[in-house]
**Q** 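Encoded as structure tokens, here's the structure I'll be asking about.
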Amino acid sequence: MHMLTKNARAFRERAAAHADEFSLLANGQSPQALFITCSDSRVIPSLITGARPGELFELRTAGNIIPAHHPDRPSSEAATIEYAVEVLGVADIVICGHSHCGAVGAIVRREDLTAVPSVRDWLQSAASPPAGAAPSTPDIAEAVQDHVLSQLDRLRGYPSVTRGLADGRLTLHGWFYEIHTGSVLAHRAHADAFLPL
Ligand code: ZN
């Protein structure tokens, strides 16, 4: 923690080197996209995309799971998605899964999560992939990619997203990030496959 604190203490000086950029942030935000990904510390959206402050609105959940929409049940995920689409007017939403994902791995390997019941219940709320399907590779790429597509389906069920898609002002993207290579793949509908960006 010491290094993190030290860097945070010094951040003001680093920001001062970009004073013009940072002072403008006080006027508001107009992010290019809502970026939904896993809480995993190895996935850094701004590092991957090169986004500067104000350019990426983020939603991070364990396993980048989007819970099924329930209009009468408040959730951080629903609030973040609705705010991004209706207030900030983002034109694009990315759901980015990643290789070696512990959450997706726990689902497909049917890991015993008795000791972490909140994790267990959250993962059970995921729509996919089918528990027990043995990962074919150590990076569980196939399972994570299937999982991303399922979460995109969930996302389409959120009213603000449904409207945005119907109006043609919103585009959804499914990405897969390889943490060991830095490669990013995107789902291409015409091929129904994840291909290099
Ligand atoms: Zn993960």
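When a ligand or atom number is given, it counts from 1 through the structure's own listing order.
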**Q** Does Arg163 reach the side chain of Glu86, with side-chain heavy atoms less than 4.5 Å apart?
**A** yes
**Q** Using the test side-chain contact (heavy atoms from CB on, under 4.5 Å), find all partners of Ile48 that sit at least two apart in sequence or belong to another chain.
**A**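 Once residues adjacent in sequence are excluded, the partners of Ile48 under the side-chain contact (heavy atoms from CB on, under 4.5 Å) criterion are Val43, Tyr177, Val184.
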**Q** Considering only heavy atoms from C-beta outward, does the side chain of Ile95 approach that of Leu172 to under 4.5 Å?
**A**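 Result no, sub-4.5 Å side-chain heavy-atom pair not found.
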**Q** Taking only residues two or more places apart in sequence or in another chain, which ones pass side-chain hydrogen bond (donor to acceptor under 3.5 Å, both in side chains) with Glu58?
**A** none
**Q** Closer than 2.8 Å to the Zn ion (ligand 1), what protein N/O/S atoms do you find?
**A** Cys38 SG, His98 NE2, Cys101 SG
**Q** Do you know which two heavy atoms are closest between Ile140 and Gly105, and how far apart they sit?
**A**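 That closest heavy-atom pairing would be CD1-N, 3.5 Å.
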**Q** Ignoring hydrogens and angles, write down the donor-acceptor pairs under 3.5 Å from the side chains of residues 186-197, residues two or more places apart or on other chains.
**A**
| from | atom 1 | to | atom 2 | distance (Å) |
| --- | --- | --- | --- | --- |
| His187 | NE2 | Asp192 | OD1 | 2.9 |

